[in-house]
Structures are given as C-alpha cells and as structure tokens.
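Reviewing the structure listed below.
All values below come from the heavy atoms of this structure, side chains included, with hydrogens, waters and symmetry mates left out.
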2 protein chains.
Amino acid sequence: MGLLSAMREDTIAQNLRRIRNEKGISLSRAADQTGVSKAMLGQIERQESSPTIATLWKISQGFGMPLSFLLQEVTCTESCGAVRFPGSISVRIVFPYDAMLGVETFEITLSPGQFHQSEAHVAGLVEDIFVLSGGMELHVDETERQLSQGQAVRFAADQPHAYRGLDEGAVFLNTHYYGRGAF
Amino acid sequence: MGLLSAMREDTIAQNLRRIRNEKGISLSRAADQTGVSKAMLGQIERQESSPTIATLWKISQGFGMPLSFLLQEVTCTESCGAVRFPGSISVRIVFPYDAMLGVETFEITLSPGQFHQSEAHVAGLVEDIFVLSGGMELHVDETERQLSQGQAVRFAADQPHAYRGLDEGAVFLNTHYYGRGAF
DNA sequence: TAGCTTTGTGCGTTATAACGCACAAGGGGC
DNA sequence: GCCCCTTGTGCGTTATAACGCACAAAGCTA
C-alpha cells in the first residue's frame, strides 16, 4: 500500500519554495516571518544545505503551519480533497476534506446494476468502503469482490478501481485518506 | 481541536530513546544499524545537539520506520488502538488500529435508553460518529445533541464524552484518529 | 532615462553538527 | 577475584549549518 510517502532529497526544497510562492512573499519577507536568514532559506530551496530540525521548526512556526507540511512529500496540493465522481452517481458529503487529518468521507449511492469506474487517484491515497445497505462489487487489483451490508474493505486507491451496484443497489460510505499518516 | 501535536524540544530525544529501548539495543548496535555515530545518537538522546534532517532520515531508514515516528510527539504508545468499551456495550471491530494511518473504526450498538460514558481518551484523539440506524444523543463539550440515521459528527475525544441510545436504540460507526495527521 | 528599491546569490566568518577515539563504569563468565 | 566485553560519555577534530553583508540584476516610479 502506497501510503508511506518517502521523503526524497528535494521534498523540503520543493515544499518550502511552493509554500513561499503560495504566500507570494520574497526570501526577505520569509526571513522576517521565520527568523531564519534569507541566505539559509535560499540554501534550503536550492538544496545546498541540510537544515537542522530546529531550523525547520522555526520555519514552520514562523509560517504558522505544521512541521510536517515541510517534510512530507506532497502527493496532492490542489488535488487534496478533489476526488470527483463524474457521471450520474449520487454522492453526499459526510465529512468534507480536513487538511489536518488529510481525510474526507462521502456517502455514495449506486442504483441496481450501475457501474462506476474510478481512475487512479493521487499517489498514496487509501480508500475505505463500508456498505450501509444493499450490495455491491468492488473491482481493484485485478480482483473482484462482493460486499454486502455491514461489510468493510480498505484498499490502495492510487490505482484504477470500480464499483457496481448489485440487484438491490447499494449505499456505502467512502473514505479517502490522503497520505497524511506516518511518513 | 487538539490534533496538532506540537513538537516539543524533547520529543525527538524521547522518541529515539524509547524506540531504541523497544528494540532492546545499545547505542553501538543502533549506530551499526543506522550509520549514525554512537556519539551523535547519544547527543540526540540527551538533547545536546540539534540534528540535521538528513541525520534523522538516516536514523529512521536504519531502523526501518517512518521519519515521523521520530518527530511526532507520541500521545499514545501502548494506548494506540487501545480504546476500550467497558460495560455491556456491544462493539464490533470494523477496521482494527492501523499504525500507519493512526486510525481505527468500530461499529457500536446501544440498546434503547442505554447510556455509555467515555472518559477522555489520549491527548489529541479525534472521533467521528456516523449513525447507521436508530437515534442517539452525544454529550460532549457540555452540550448535548441528537443524531439520527445518516447523521455524522466529529469532535475532540480527548475529553470526557457520552452516548445514549434513544427509544429505538442506535447503531453507529465510531472512528478514532490518533493524531497521526499533520503535526 | 535615472534613481531607488527589491530580490536572490555568493562569500567569509562563526557556531555547531557529526565524527572517531579514549576511557571509566558496569556486567558476565570462569 | 580477575579478565574481558559492553555501554555510554566526553573530547578534540573536521565538515558544514547558519549567519550578516555585499552586490549584480531586475523591477518600479517619476
């Protein structure tokens, strides 16, 4: 399962530059906000230095955000909480995307025989299904399994997968974990 | 909500020492496994040095675990996934505790009028409720709210809270997030 | 265009991370 | 008790993190 987003060498550099750009501030303004020198911030962004954890903490505090936002490889930026359900599938939002938890939950309704194909979501996304009523099929990993009321399954959703409502249709909870877990 | 577990100055030291003790290895063995010198590991454990992120990464890789296990303040060690439901309350495990996600899910059944008091769970624990059938009351934050089928609520569960089944009883999903989100 | 301000980079200096090694203390075996 | 090994700490050395400052280039305004 692809949840463990390994930190690659440029993760911190990319994150810092992206966050600074999102804030629309220069290195100087960032230095003012964080108490870390402009020269050091530039070094970090250019990967010319391996900062201490204390320096990274200063940056995250100065920007008013969690430290993990600097450290964790971001597999979704605008696409966090952006799973869409194209077509006529019926979707109710149970819990909207929560940036701190990195989780969102929907209630989905499939009519009898209705088939819904989902393309691979962003890397690392894990998905839970809990069947509220009726029955359905889940197609993933080249396997096909049937789920009835009360049954639950968790799978890696950064691969294509599909649902099909059985004869009585199905209503299920669909939770997405966006890789905000351990890394 | 208490999910943001701020990193305190001794978090890394405590985590490193705890993990090493859990493995039952000396500083020398740890140095062999991680490629970080014995002297440096000792300095980190005694908080005499602020390690670079590269060094911490080496340690986490050497121990074969996520970097976040070193950085994140652990609000539960043996108590992760350890929420218990004392009394006659009926509980089914839907998803057991997952250390990478830091999440577990139960299906709980309350008979009509049944009252269940829960003491504060570990610091930072967040809880979701989704009512599958029937109706219930939730008592938390000195407020009391009624939830009927299909309704959901999220709240900080590191404080005392209580459930009561209404006249038709209640069945609900109960998800615990153990603070493995952003930090 | 000229002048001023902003921006990011490079450089030299200082403080400290990270290391290898030595050693005192503790533990285990004979 | 003696000897050997293990363990954690301290120390001196080297490499590098982090800084302040200077400066070239870019951007903006009159």
Side-chain angles (χ1 to χ4, degrees), chain A residues 6-73 77 183, chain B residues 6-73 77 183:
Chain A
M7 180 180 74
R8 292 177 11 236
E9 289 190 3
D10 52 352
T11 298
I12 298 177
Q14 292 187 351
N15 282 339
L16 180 53
R17 194 180 300 109
R18 194 195 78 247
I19 291 165
R20 191 170 62 83
N21 288 336
E22 283 170 1
K23 290 175 180 290
I25 59 175
S26 63
L27 284 172
S28 295
R29 296 286 319 121
D32 291 341
Q33 285 186 25
T34 60
V36 173
S37 72
K38 178 172 62 165
M40 187 57 195
L41 292 172
Q43 280 183 290
I44 296 171
E45 289 191 2
R46 299 191 302 280
Q47 293 179 69
E48 290 176 4
S49 184
S50 173
T52 63
I53 194 69
T55 295
L56 293 173
W57 177 251
K58 273 179 89 175
I59 295 172
S60 69
Q61 292 299 99
F63 282 162
M65 67 183 190
L67 174 64
S68 57
F69 281 18
L70 278 175
L71 301 177
Q72 194 164 9
E73 185 173 358
T77 50
F183 61 88
Chain B
M7 182 180 73
R8 291 172 18 230
E9 289 188 8
D10 54 350
T11 299
I12 297 176
Q14 291 187 350
N15 283 339
L16 180 54
R17 195 180 300 109
R18 194 195 75 246
I19 290 163
R20 189 168 63 81
N21 288 337
E22 284 171 3
K23 290 175 180 290
I25 59 175
S26 62
L27 284 172
S28 295
R29 298 284 320 119
D32 290 341
Q33 284 186 23
T34 60
V36 173
S37 72
K38 178 171 61 165
M40 187 59 195
L41 292 172
Q43 279 184 286
I44 295 171
E45 288 190 4
R46 299 191 303 279
Q47 292 178 71
E48 291 176 2
S49 181
S50 172
T52 63
I53 195 67
T55 295
L56 293 172
W57 177 250
K58 273 178 88 176
I59 295 171
S60 67
Q61 293 300 97
F63 282 162
M65 66 180 191
L67 173 64
S68 58
F69 282 17
L70 278 177
L71 301 178
Q72 194 164 9
E73 184 173 0
T77 52
F183 61 86

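- Of the residues in residues 28-38 of chain A, those placing a heavy atom less than 4.0 Å from an atom of DNA chain D are A:Gly35, A:Val36, A:Ser37, in numerical order.
- Sequence order on DNA chain C of the closest nucleotides to A:Ile25 and B:Glu48 puts A:Ile25 first from the 5' end.
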- Check the pair B:Leu27, B:Glu45 against side-chain contact (heavy atoms from CB on, under 4.5 Å), reporting the backbone distance first and the verdict last. CA-CA 10 Å; B:Leu27 284 172; B:Glu45 288 190 4; 3.9 Å; yes
- Query: So B:Met65 and B:Leu70, side-chain contact (heavy atoms from CB on, under 4.5 Å) or not? Walk me through it.
  - Reply: CA-CA 9 Å; B:Met65 66 180 191; B:Leu70 278 177; 3.6 Å; yes
- Would you check, one step at a time, whether the test side-chain contact (heavy atoms from CB on, under 4.5 Å) holds for A:Trp57 with B:Leu71? CA-CA 11 Å; A:Trp57 177 251; B:Leu71 301 178; over 6 Å; no
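- Under the 3.5 Å distance criterion, the side-chain polar atoms of A:Ser26 are matched with a main-chain donor or acceptor of A:Arg29.
- In this structure, the side chain of A:Thr11 does not engage the main chain of A:Glu73 through any donor-acceptor pair within 3.5 Å.
- Of all nucleotides in DNA chain D having an atom under 4.0 Å from a heavy atom of chain B, the first and last in 5' to 3' order are D:dT7 to D:dA17.
- Each of A:Pro51, A:Ser50, A:Ser49 was scored for a side chain to side chain contact (heavy atoms under 4.5 Å, CB included) with B:Thr52, with one residue passing: A:Ser50.
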- Message: Before you tell me yes or no, could you show the steps for B:Ile53 and A:Ile53 under side-chain contact (heavy atoms from CB on, under 4.5 Å), namely the whole-Å CA-CA distance, both residues' side-chain angles and the distance that decides it to 0.1 Å?
- Response: CA-CA 6 Å; B:Ile53 195 67; A:Ile53 194 69; 3.9 Å; yes
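- Counting only distance, with no hydrogens or angles, the side chain of B:Arg18 and the backbone of B:Gln14 share no donor-acceptor pair below 3.5 Å.
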